[in-house]
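All heavy atoms count here, side chains included; hydrogens, waters and symmetry mates do not.
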Number of protein chains: 2
Amino acid sequence: MDAQTKALYEARAEIIKAMAHPTRLFIVDHLSRRKACVAELTNLIGADMSTVSKHLTVLKSAGIVEDHKQGAQVYYALRVPCIMNFFGCVESVIKTNANRQLRLVK
Amino acid sequence: MDAQTKALYEARAEIIKAMAHPTRLFIVDHLSRRKACVAELTNLIGADMSTVSKHLTVLKSAGIVEDHKQGAQVYYALRVPCIMNFFGCVESVIKTNANRQLRLVK
DNA sequence: TGCACATTTGGCAATATCGCCAAATCTGCG
DNA sequence: CGCAGATTTGGCGATATTGCCAAATGTGCA
């Protein structure tokens, strides 16, 4: 694999890596419905606010979300809605896996 | 976030985590065109065969690829073609990011 | 200015991931 | 059986990720 091809796949992996965490996945899912500030997300998630903030930083660096201040609060919004396409396919993988499991039992 | 919701996002993250590596992304991309055996992929990737084999194990455990023996060789194939939808969106994230960069410079 | 609230940053321990090497398996065949 | 080729597994050091706490920073307002 030449350097350029490698760089391409590394760039892609960066984006996907940013999604590869349950909390960040939840955040993306939630933001796909409405923008939210850190405190709001922290509440829903039930982790330390600093933890949530760092997850948001990861998503932001990847370019998946964007933030804007509104008073003392920082609101985050989904920047690339097509990310939601991931879920459909992921769900189908999970379903396929489950079916395979079932077949083994039956 | 209640335990069930958490479990759901964890399951989803498992799948995405399996994709979150340049080499594995390359493998998935390649397998979307044709099935291939380990030696073949190893050649294209240029890493130790044991490394490639382990990447394939990760993809297989996630249910993204499946394998079948053909003589002494093990062929891998994409099990869930919709995974390829990821690329389109990832590409658009990369493009959006690049445009943002440009705007900063201009 | 100084307080209260919202968020980010620094730091650290626990854990997970990665890639290579060496050794173990597995397969077809003489 | 025993060898050669293909693949997987075990193990290890290096590196990256994660989550919490404490401390720092930013913001609106009295």
Side-chain angles (χ1 to χ4, degrees), chain A residues 1 3 5-7 9-28 30-31 34-62 64-77, chain B residues 1 3 5-7 9-28 30-31 34-62 64-77:
Chain A
M1 185 154 39
T5 308
K6 199 178 158 203
Y9 283 98
E10 268 163 10
R12 288 170 171 168
E14 273 315 299
I15 316 282
I16 297 188
K17 238 192 292 191
M19 303 275 299
H21 188 284
T23 299
R24 294 199 291 271
L25 230 40
F26 173 86
I27 291 174
V28 168
H30 188 78
L31 293 185
R34 52 181 116 54
K35 55 170 63 174
C37 67
V38 185
E40 224 170 311
L41 293 168
T42 299
N43 245 330
L44 292 170
I45 292 165
D48 195 276
M49 181 179 280
S50 73
T51 300
V52 174
S53 175
K54 276 177 186 169
H55 280 306
L56 286 164
T57 302
V58 171
L59 288 171
K60 187 180 155 190
S61 317
I64 296 174
V65 306
E66 62 192 358
D67 62 341
H68 70 102
K69 287 209 170 137
Q70 198 157 327
Q73 291 160 326
V74 180
Y75 276 82
Y76 282 85
Chain B
M1 184 154 40
T5 308
K6 199 177 158 204
Y9 283 98
E10 268 163 9
R12 288 170 171 167
E14 274 314 300
I15 315 282
I16 297 189
K17 238 193 292 190
M19 302 276 299
H21 189 285
T23 299
R24 293 199 290 270
L25 230 39
F26 173 85
I27 291 174
V28 168
H30 188 79
L31 293 185
R34 53 181 116 52
K35 55 170 64 174
C37 66
V38 185
E40 224 170 311
L41 293 168
T42 299
N43 245 331
L44 292 171
I45 292 165
D48 196 275
M49 181 179 281
S50 72
T51 300
V52 174
S53 174
K54 277 177 185 168
H55 281 307
L56 286 164
T57 302
V58 172
L59 289 170
K60 187 179 154 190
S61 317
I64 296 173
V65 305
E66 62 192 357
D67 63 342
H68 70 102
K69 287 210 171 136
Q70 197 156 330
Q73 291 160 327
V74 179
Y75 276 82
Y76 283 85

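dG5(D) atom C1' lies 16 Å from atom CD of Glu40(B), rounded to whole Å. Spacing between atom CD of Glu10(B) and atom P of dT18(D) amounts to 13 Å, rounded to whole angstrom units. One atom, CG of Asp67(A), and another, C1' of dA6(C), lie 13 Å apart when rounded to the nearest Å. Between Leu56(A) atom CG and dT7(C) atom C1' there is a gap of 10 Å when expressed in whole angstrom units. When the C1' atom of dG19(D) is taken as reference, atom NZ of Lys6(B) falls 12 Å away, rounded to whole Å. Atom CD in Glu14(A) sits about 11 Å away from atom P in dA16(D), given to the nearest Å.
The distance from the NE2 atom of His68(A) to the OH atom of Tyr76(A) is 10.5 Å, given to the nearest 0.5 Å. The CZ atom of Arg12(A) lies 10.5 Å from the CZ atom of Phe26(B); values are rounded to the nearest 0.5 Å. Here CD1 of Ile64(B) is found 5.5 Å from CE of Met19(B). Values are rounded to the nearest 0.5 Å. Of the inter-residue distances, the one linking Glu10(A) atom CD with Leu25(B) atom CG reads 11.0 Å to the nearest 0.5 angstrom.
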Donor-acceptor contacts under 3.5 Å from residues 51-58 of chain B side chains, at least two apart:
unit_1, atom_1, unit_2, atom_2, d
His55(B), ND1, Arg24(B), NH1, 3.0
Thr57(B), OG1, Ser53(B), O, 3.0

Could you pull out every donor-acceptor pair under 3.5 Å between side chains of residues 36-47 of chain A and any protein atom, sequence neighbours left out?
unit_1, atom_1, unit_2, atom_2, d
Glu40(A), OE1, Cys37(A), N, 3.3
Thr42(A), OG1, Val38(A), O, 2.7

Review point. Quick one: what's the B/S/- string for nucleotides 16-30 of chain C, heavy-atom cutoff under 4.0 Å, read 5' to 3'?
Key: --SSBBB---SSS--

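Tyr76(B) comes within 4.0 angstrom of the backbone, heavy atoms only, and of no base.
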